[in-house]
Amino acid sequence: MKIGDIVIDPPILLAPMAGVSNRAFRAIARSQGATLCTTEMINAKALAYHSAKSTWLMELDPGETPVGIQIAGSDPDLMAQAAREAERHGADVVDINMGCPVRKVVNNGDGSALLNDEEAAVRVVKAVVEAVSVPVTVKMRAGWDHDAITAPRLAERFEAVGVQAIALHARTRSDQYVRPADWRFIRQVRERIAIPLIGNGDVQTPEDAARMLETTGADAVMVGRASFGDPWIFRRIAHYLQTGQELPPPTARDRAQMGLWHLERMVTIKGEAVAIPEMRKQLGWYLKGTPRSAEYRRRAQTLRTKDEAQALVEEWLDHARNEELSWT
Ligand SMILES: Cc1cc2nc3c(=O)[nH]c(=O)nc-3n(C[C@H](O)[C@H](O)[C@H](O)COP(=O)(O)O)c2cc1C
């Protein structure tokens, strides 16, 4: 798959995820075969007010490419400004958020609220496309609810104003995360657009990825939650798509090493005081899969320092070795 001139091969993407797809996790996902990774959502209005956090979210690792920077908002001028800022920071792709279901966001007319206002959505997209020279993509849900499946029509209009790929999260806003993704929505968008289409929602295994590509006509898959504590999923999907064979799961040692690398990188990027609370849940995800892992995961929730975190992971690894376990 190509987005503009950018080759995305194999066509496996890391989903943009607030609180997760930061520089550290993007580097991990990329090292495991995710060919396009996207930042956490960045609010265009906050950026315009020079919010330190929003500016910080745009920071990329040196040489990080290809990378998407995702912006959110409904004011065309602010979105154009945010897009230019993203391009200046090195974005290969500027991605527009039209999926966020959070009340605070939709009450401002942003995120998935744009799915309800076709003209406003097209104005935003057009302003962003005109503001930058890099490709613009839109990540959207299928519609506001099951009585308003607006994505197929919107995708067609976005293509007409110059968007170069659509990522469809196959749920409506009202589904939140409760109702399972319905991949038929991806197929419906496929029927309306010729630009690349990225399918997203509930891909948990390599077989899911293959089935999504086969049944929807999507050109690529985007993986979110299944990569938590398991970034190897990108490699397993790539291998399965190429060979039809499953790679073995990561060993306990692989998990411990990755958890420690993630910890180290987060502390470097964010400093210990911010990194450790964020790493509690991340380490918990890496430590899944031993008989006593519930206990280790509980202890991970109380970590206060990098030293404590390292000691816990090492203790878990010793325990896993004693049990002679690799994964389960
Ligand atoms: C913790 C979390 C944060 C998310 N943040 C964003 C975001 O910032 N921008 C976005 O477009 N989608 C966001 N999403 C949605 C994901 O990108 C993706 O569409 C959704 O999780 C479905 O894919 P999955 O089933 O593979 O997880 C987020 C999802 C989660 C779980």
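Each residue takes its place number in the sequence, starting with 1. Just so you know, ligand 1 is whichever comes first in the structure, and atom 1 is the first atom listed for that ligand. Below, all heavy atoms of this structure are taken into account, side chains as well, without hydrogens, waters or symmetry copies.
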Salt bridge flag under 4.0 Å for residues Glu87 and Arg84:
no
Glu119 with Arg157: basic N within carboxylate O range, under 4.0 Å:
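So Glu119 pairs with Arg157 through a salt bridge.
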Per-ligand residue contacts, ligand 1, heavy-atom threshold under 4.0 Å
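Heavy-atom contacts below 4.0 Å: Ala15, Pro16, Met17, Ala18, Met41, Gln70, Asn97, Lys139, His169, Tyr177, Asn200, Gly201, Asp202, Val223, Gly224, Arg225.
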I want to check a possible cation-pi pair here: Arg26 against Phe234, using under 6.0 Å from ring centre and within 45° of the ring axis as the test.
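Cation-pi check for Arg26 and Phe234: fails.
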In terms of ring plane angle, is the pair Trp232 and Tyr286 parallel, tilted or perpendicular, where the classes change at 30° and 60°?
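Trp232 vs Tyr286 ring planes: perpendicular.
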With side chains defined as the heavy atoms from C-beta onward, is the minimum distance between Ile166 and Ile193 less than 4.5 Å?
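Counting from C-beta outward, Ile166 and Ile193 do come under 4.5 Å.
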Check each of Arg236, Arg225, Gln204 against Asp230 using the side chain to side chain donor-acceptor pair (under 3.5 Å) test, and report the only one that passes.
Arg236
